[in-house]
Novice: 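Quick one: this structure, given as structure tokens, is what I'll be asking you about.
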2 protein chains.
Amino acid sequence: METLLKVLKEKGYKITPQRIAIYRVLNNTKEHPSAEIIYKKLEKEFPTMSLATIYKTLEIFKKSGLVQELNVGENSFRYDANVKDHPHIICLKCNKVDDLPENLFTHLKDEVGKVSDYKVLSKQLYFYGYCPVCKGE
Amino acid sequence: METLLKVLKEKGYKITPQRIAIYRVLNNTKEHPSAEIIYKKLEKEFPTMSLATIYKTLEIFKKSGLVQELNVGENSFRYDANVKDHPHIICLKCNKVDDLPENLFTHLKDEVGKVSDYKVLSKQLYFYGYCPVCKGE
DNA sequence: ATCGTTGCAAACTATTTGCAGTGTG
DNA sequence: CACACTGCAAATAGTTTGCAACGAT
């Protein structure tokens, strides 16, 4: 949370209650929420806040490296306050998005750099399947 | 292309010139086009075909395992007639989407199955960087 | 006091749906 | 010749934009 304040100040963005609240939601959940879900979580606390504010804030957070944007295959983005390059796993039934440990995959970026002529900067690894709850059903 | 005819017949879908053309576009390109791009490529040949037809057709192709849908991070899907689980690399400047060889990553699905309690069915691996043309600029 | 930020409404984009007419099997 | 498919137009969903009022520094 100190990170948020520091980074916003550094980049010349103002610190507002809405931005703090949005960051808090992202930081206190493992759910990888969409803009809509963040909006719903905050509507009691900020009844007048609009979705546009969420989107504008997430845009700033992205540019500042405070969150990363995930594309799990729905037609909406999800957001993660953990900005480290780590893989995700998505349940095809309940659409839950979980983290996977990073360490198994740290070497991949370099390997890709070796086999392609691209300059590789980042990666997004998504695995799809059934989560422990759904696989039993 | 025989694949297309066979699969459509098997699943009880009708064979129409539009479906053949859409599959042909996907099969003859390495570009991983979006619905919009397929539409543009076919508008001279099929001036009356609508985007809705493209979407409906891609939906059928997806369900039949004839194409896979990619989510490279733009706000639109891209489609690939190569339905094998293979990784992609995306240029952050020109948005080109290239294939990467599959072999480097074949073991990952099993490894994920070992470290998580999910039943892993498929994966999408996206690497981001600059392509050979753009990295020089 | 200034200038970035908010909140509303409207615009926009990708995709989906309803339905009447059409054409494949 | 039935029923799935097409094409159009309208609906929907996620996201973005314009702008006047607001509020942090």
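Numbered from 1 within each chain, the chains take letters A, B, ... in sequence-line order. Values in this document were obtained by computation on a predicted structure and should not be read as measured data. Computed from heavy atoms alone, side chains included, the values below leave out hydrogens, waters and symmetry copies.
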Novice: Take E45(A) and R24(A) through the test salt bridge (Lys or Arg N to Asp or Glu O under 4.0 Å) and record every step on the way to the result.
Specialist: CA-CA 13 Å; E45(A) 198 179 341; R24(A) 180 169 36 86; 2.9 Å; yes
Novice: Pick out which of V72(A), D99(A), I37(A) makes a side-chain contact (heavy atoms from CB on, under 4.5 Å) with H32(A).
Specialist: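 Going through the options one by one, the only one that passes is D99(A).
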Novice: K11(B) NZ to dC5(D) P: how many Å, rounded?
Specialist: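 In whole Å, dC5(D) P and K11(B) NZ are 14 Å from each other.
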Novice: In whole angstroms, how far is the C1' atom of dT16(D) from the CD1 atom of I54(A)?
Specialist: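 From I54(A) CD1 to dT16(D) C1': 15 Å.
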Novice: Of the options N103(A), T106(A), D80(A), which is the one that meets H86(A) in a side-chain hydrogen bond (donor to acceptor under 3.5 Å, both in side chains)?
Specialist: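 Exactly one option meets the side-chain hydrogen bond (donor to acceptor under 3.5 Å, both in side chains) with H86(A), and it is D80(A).
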Novice: Find which nucleotide of DNA chain C each of T16(B) and Y79(B) is nearest to by heavy atoms, and output the residue with the more 5' nucleotide.
Specialist: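 Comparing both residues, the 5'-ward one is Y79(B).
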Novice: Take the protein atom NZ of K14(A) and the nucleotide atom P of dT2(C), then report the distance between them rounded to whole Å.
Specialist: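 Value for this atom pair: 12 Å.
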Novice: Given S64(A), which partner from the list T3(A), V7(A), L4(A) fulfils the side-chain contact (heavy atoms from CB on, under 4.5 Å) test?
Specialist: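 That would be V7(A); it is the only one of T3(A), V7(A), L4(A) passing the side-chain contact (heavy atoms from CB on, under 4.5 Å) with S64(A).
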Novice: If you apply the rule side chain to side chain donor-acceptor pair (under 3.5 Å), what do you find for Q68(B) with Y79(B), and how did you get there?
Specialist: CA-CA 6 Å; Q68(B) 64 171 312; Y79(B) 296 88; over 6 Å; no
Novice: Atom OH of Y55(A) to atom P of dT17(D): distance rounded to whole Å?
Specialist: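 It is 13 Å, rounded to the nearest whole Å.
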Novice: Measure the distance from CG on L58(A) to C1' on dT15(D) and round it to the nearest whole Å.
Specialist: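 Result: 11 Å.
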Novice: Starting at CD1 of I15(A) and ending at P of dC22(D), how long is that distance when rounded to a whole Å?
Specialist: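 Whole-Å distance recorded here is 23 Å.
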Novice: Judged by each residue's nearest nucleotide on DNA chain C, which is more toward the 5′ side, Y13(B) or S76(B)?
Specialist: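 Its nearest nucleotide lies further toward 5', so the answer is S76(B).
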Novice: Which heavy atom of S34(A) sits nearest to which heavy atom of S76(A), and what is that distance?
Specialist: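 Smallest interatomic distance, heavy atoms only, reads CB-OG, 4.4 Å.
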Novice: So, is R19(B) close to the dT6(D) phosphate, meaning a side-chain N or O under 4.0 Å from OP1 or OP2?
Specialist: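 Affirmative; the distance criterion is met.
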Novice: Taking CG from N71(B) and P from dT15(C), how many angstroms apart are they, rounded to a whole number?
Specialist: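 After rounding, the reported distance stands at 9 Å.
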Novice: Just the table, please: protein N/O against nucleotides 7-13 of chain D N/O, every pair under 3.5 Å.
Specialist:
{"residue": "dG7(D)", "atom": "OP1", "partner": "Q18(B)", "partner atom": "NE2", "Å": "3.2"}
{"residue": "dG7(D)", "atom": "OP1", "partner": "T48(B)", "partner atom": "OG1", "Å": "3.2"}
{"residue": "dG7(D)", "atom": "OP2", "partner": "T53(B)", "partner atom": "OG1", "Å": "3.1"}
{"residue": "dG7(D)", "atom": "O5'", "partner": "T48(B)", "partner atom": "O", "Å": "3.4"}
{"residue": "dG7(D)", "atom": "O6", "partner": "K56(B)", "partner atom": "NZ", "Å": "2.6"}
{"residue": "dC8(D)", "atom": "OP2", "partner": "T48(B)", "partner atom": "O", "Å": "2.8"}

Novice: Return the value, rounded to whole Å, for the distance between atom CD of E59(B) and atom P of dT16(C).
Specialist: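 That distance rounds to 6 Å.
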Novice: Kindly indicate whether a cation-pi arrangement holds for K119(B) with Y130(A), taking the cut-offs as under 6.0 Å to the six-membered ring centre and within 45° of the axis.
Specialist: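 No cation-pi geometry.
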